[in-house]
Amino acid sequence: MTTTTEKTGAHTAEAADLITGARERIDALDDRIIGLIQQRMAVSAVIQEARITSGGRRVNLSREMEVLGHYRDALGKPGTALAMTLLELCRGRI
């Protein structure tokens with residue numbers, strides 16, 4: 001059986017308890033983030049459908065550049081990679 005300190009990598013029970021609680025919070029935040037991403041995907045599909053139905057293209061590159069810039073400004077270079085992943089998830093879902 002694995003102890004809490006072994007599972008967390010902590011060397012004291014107090015640190016293990018803190019880590020366990022923090023990991024539970026991270027798991028809850030991850031669940032919320034996933035839910036928000038799923039909502040973003042749904043909204044993106046509505047936009048794409050409207051754009052295609054009106055004779056436009058599925059993707060608006062200038063808008064994607066705005067999104068990339070927004071994430072980069074807020075999160076630095078890794079934000080750009082995160083935004084690229086979000087954009088990829090949201091393309092072509094209709």
Side-chain angles (χ1 to χ4, degrees):
M1 181 168 188
T2 304
T3 66
T4 306
T5 53
E6 290 172 335
K7 186 175 180 183
T8 63
H11 292 282
T12 66
E14 295 81 18
D17 290 344
L18 184 127
I19 291 167
T20 298
R23 285 181 177 172
E24 288 171 359
R25 180 141 162 68
I26 285 174
D27 290 344
L29 289 167
D30 285 344
D31 288 342
R32 288 175 51 198
I33 291 166
I34 290 166
L36 290 170
I37 291 169
Q38 290 169 333
Q39 289 179 41
R40 189 189 195 288
M41 291 167 65
V43 172
S44 182
V46 169
I47 292 168
Q48 289 175 57
E49 179 68 33
R51 191 180 299 122
I52 291 168
T53 300
S54 72
R57 299 177 65 195
R58 178 184 308 273
V59 176
N60 181 329
L61 295 178
S62 63
R63 173 60 181 156
E64 288 197 356
M65 293 306 293
E66 288 177 21
V67 172
L68 291 169
H70 180 68
Y71 275 78
R72 182 191 61 245
D73 292 347
L75 303 172
K77 186 177 179 182
T80 304
L82 177 60
M84 287 296 294
T85 300
L86 286 171
L87 291 170
E88 182 180 345
L89 282 168
C90 293
R91 285 187 201 122
R93 297 290 177 177
I94 58 173

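Throughout, numbering of the chain's residues begins at 1 and tracks the sequence.
The hydrophobic clustering, which links ILVMFWY residues whose side-chain heavy atoms are closer than 4.5 Å, places L87 and I37 together. One hydrophobic cluster holds both L82 and L89 under the rule that ILVMFWY side chains link at heavy-atom gaps under 4.5 Å.
Looking at heavy atoms from C-beta onward, R91 lies in side-chain contact with E64 at the 4.5 angstrom threshold. Contact of the R23 side chain with the T8 side chain is registered, since non-hydrogen atoms from C-beta on lie closer than 4.5 Å.
Nearest approach of C90 to S44, heavy atoms of both residues: O-OG, 3.2 Å. Taking both residues in full, the closest heavy atoms of G79 and Y71 are given as O-CB, 3.3 Å, listed atom of the first, atom of the second, then distance. Among all heavy-atom pairs drawn from M84 and L68, the shortest one is SD-CD2, 3.5 Å. Shortest non-hydrogen contact noted between Q48 and R58 is OE1-CG, 3.0 Å. Closest of all the heavy-atom pairs between S62 and N60 is OG-OD1, 2.8 Å.
To the nearest 0.5 angstrom, L75 atom CG is 8.5 Å from H70 atom NE2. Of the inter-residue distances, the one linking I26 atom CD1 with D31 atom CG reads 12.0 Å to the nearest 0.5 angstrom. Note that the CD atom of E88 and the CG atom of L86 stand 10.0 Å from one another [nearest 0.5 Å]. The CG atom of L36 lies 13.0 Å from the CE atom of M41; values are rounded to the nearest 0.5 Å.
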